[in-house]
Amino acid sequence: MIATPDRTPLPRTFFDRPVLDVAQDLLGRLLVRTTPDGPITLRLTEVEAYDGPNDPGSHAYRGPTARNGVMFGPPGHVYVYFTYGMWHCMNLVCGPDGTASAVLLRAGEIVEGAESARKRRLSARNDKELAKGPARLATALDVDRALDGTDACATGDTPLRILAGTPVPADQVRNGPRTGVSGDGGVHPWRYWVADDPTVSPYRAHVPRRRRS
DNA sequence: CTGGAGATACTCT
DNA sequence: GAGTATCTCCAGG
């Protein structure tokens with residue numbers, strides 16, 4: 001029997017924990033994006049942990065900048081960055097205020113508002129691909145730098161909220177190396193996903209891009 | 001169907 | 001110059 005997803009907001013204390021604990025616990029949770037078109041709801045199926053200043057793979061590794069400032073703030077807020085000159089990716093900030101760990105949201109299943117997501121994801125060949133990959137996820141949910149710093153735990157009128165949903169049982173959680181992370185940061189098995197879920201993105205090892213001719 | 005090459009063009013070192 | 005990525009095009013099974 002399938003439990004009805006819990007629509008209760010996740011409390012800020014959920015994010016004020018070690019980032020690896022939060023990352024695993026986020027699988028199966030619901031992210032609700034409120035747009036003028038109506039809500040889009042995503043069930044998280046794949047995430048990656050980034051452990052702030054201790055982690056060579058993290059944007060926070062070399063300290064605060066104009067881009068990553070939100071990572072150093074309080075937990076439960078959204079860190080959105082722009083990458084490769086084209087794409088946005090979103091993270092949820094973890095740990096106490098002043099630390100800089102975060103969880104990158106890599107993939108999920110659109111459970112509400114697929115029609116809206118399809119308008120921005122014209123290259124998706126089916127609904128499993130709407131949010132299969134971190135930049136695809138952000139595009140499907142219409143997330144960009146304007147939402148950087150949004151409090152996902154706030155009650156009331158917010159563009160982005162995270163709800164309890166249905167946590168994934170521990171025996172259904174898989175983990176492995178992080179995707180596309182360069183250098184020593186790639187060795188950590190800090191990518192977590194839901195076993196056998198068709199919306200999880202394929203693993204790709206980091207490959208340095210060839211220089212333009 | 002799978003996988004690689006090239007393009008994209010912002011942010012930080 | 002390299003990066004928490006994705007798209008289209010094309011060669012090869």
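In the text below, chain A, chain B and the rest are named by the order of the sequence lines, each starting its count at 1. Note that the structure is predicted; figures quoted are calculated from it, not measured.
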Show me the side-chain donor-acceptor pairs of residues 15-30 of chain A shorter than 3.5 Å, one per line, residues at least two apart or across chains.
| residue | atom | partner | partner atom | Å |
| --- | --- | --- | --- | --- |
| A/R17 | NE | A/F14 | O | 2.8 |
| A/R17 | NH2 | A/F14 | O | 3.3 |
| A/R17 | NH2 | A/D25 | OD2 | 2.9 |
| A/Q24 | NE2 | A/L20 | O | 3.1 |
| A/D25 | OD1 | A/R29 | NH2 | 2.8 |
| A/R29 | NE | A/D25 | O | 2.8 |
| A/R29 | NH1 | A/A164 | O | 2.8 |

Separation of atom OH in A/Y203 from atom P in C/dT4, rounded to whole Å: 14 Å
Using the side chain to side chain donor-acceptor pair (under 3.5 Å) rule, collect all pairs that involve residues 128-137 of chain A, keeping only residues at least two apart or in two chains. A/R125-A/E129
Out of curiosity, does A/V47 fall in the hydrophobic cluster containing A/V143 (side-chain heavy atoms, cut-off under 4.5 Å, transitive links)? yes
Sugar-phosphate only, base, or nothing, as touched by A/T139 at under 4.0 Å among non-hydrogen atoms: nothing
Ring centroid separation for A/Y81 and A/H88, is it under 6.0 angstrom? no
Heavy atoms, side chains only, cut-off 4.5 Å: are A/C89 and A/L104 in contact? yes
Which of A/L147, A/L31, A/V32 passes side-chain contact (heavy atoms from CB on, under 4.5 Å) with A/L141? It is A/L31
In sequence, state the C-alpha distance, the side-chain angles, and the governing distance for A/T45 and A/W193, and then conclude on side chain to side chain contact (heavy atoms under 4.5 Å, CB included). CA-CA 5 Å; A/T45 60; A/W193 67 94; over 6 Å; no
Do A/Y79 and A/H59 make a side-chain contact, defined as non-hydrogen atoms from C-beta onward lying under 4.5 Å apart? yes
Would you check if there is a donor-acceptor pair between the side chains of A/T35 and A/D37 at a distance under 3.5 Å? no
Do A/V181 and A/V103 belong together in a cluster built from hydrophobic side chains that touch within less than 4.5 Å? no
Applying side-chain contact (heavy atoms from CB on, under 4.5 Å) between A/E109 and each of A/D127, A/V200, A/T199, report the one that passes. A/T199
Bracket string, DNA chain C, 5' to 3' - pairs by Watson-Crick or G-U geometry under 3.5 Å, | interstrand: |||.||||||||.
Spacing of A/R178 atom CZ relative to C/dG3 atom C1', expressed in whole Å: 14 Å
Would you mind reading off the distance between A/H188 atom NE2 and C/dT4 atom C1', rounded to a whole angstrom? 13 Å
Would you mind reading off the distance between A/L104 atom CG and C/dG3 atom C1', rounded to a whole angstrom? 13 Å
Between the protein and nucleotides 11-13 of chain B, are there any N/O to N/O pairs under 3.5 Å, and if so, what are the atom names and distances?
| residue | atom | partner | partner atom | Å |
| --- | --- | --- | --- | --- |
| B/dC12 | OP1 | A/T65 | OG1 | 3.0 |
| B/dC12 | OP1 | A/R67 | N | 2.7 |

Look for any protein N or O under 3.5 Å of an N or O in nucleotides 11-13 of chain C and output each such pair with its distance, or none.
none

Can A/D197 and A/R43 be said to form a salt bridge (charged side-chain N to carboxylate O under 4.0 Å, His left out), step by step? CA-CA 11 Å; A/D197 191 290; A/R43 173 180 169 264; 3.3 Å; yes
Name of the residue among A/R118, A/R120, A/E112 meeting side chain to side chain donor-acceptor pair (under 3.5 Å) with A/S116: A/R120
Length of the OH-C1' vector between A/Y81 and C/dA2, whole Å: 14 Å
Please tabulate, one pair per line, each protein N/O and nucleotide N/O from nucleotides 6-10 of chain C that are separated by under 3.5 Å, including the distance.
| residue | atom | partner | partner atom | Å |
| --- | --- | --- | --- | --- |
| C/dT6 | OP1 | A/G133 | O | 3.4 |
| C/dT6 | OP1 | A/P134 | N | 3.0 |
| C/dT6 | OP1 | A/A135 | N | 2.9 |
| C/dT6 | OP1 | A/R136 | N | 3.2 |
| C/dT6 | OP2 | A/R204 | NH2 | 3.2 |
| C/dC7 | OP1 | A/R121 | NH1 | 2.7 |
| C/dC7 | OP1 | A/S123 | OG | 2.7 |
| C/dC7 | OP2 | A/R136 | NE | 2.9 |
| C/dC7 | OP2 | A/R136 | NH2 | 2.3 |

For the pair made of CG in A/N91 and C1' in C/dG3, what is the distance, rounded to whole Å? 14 Å
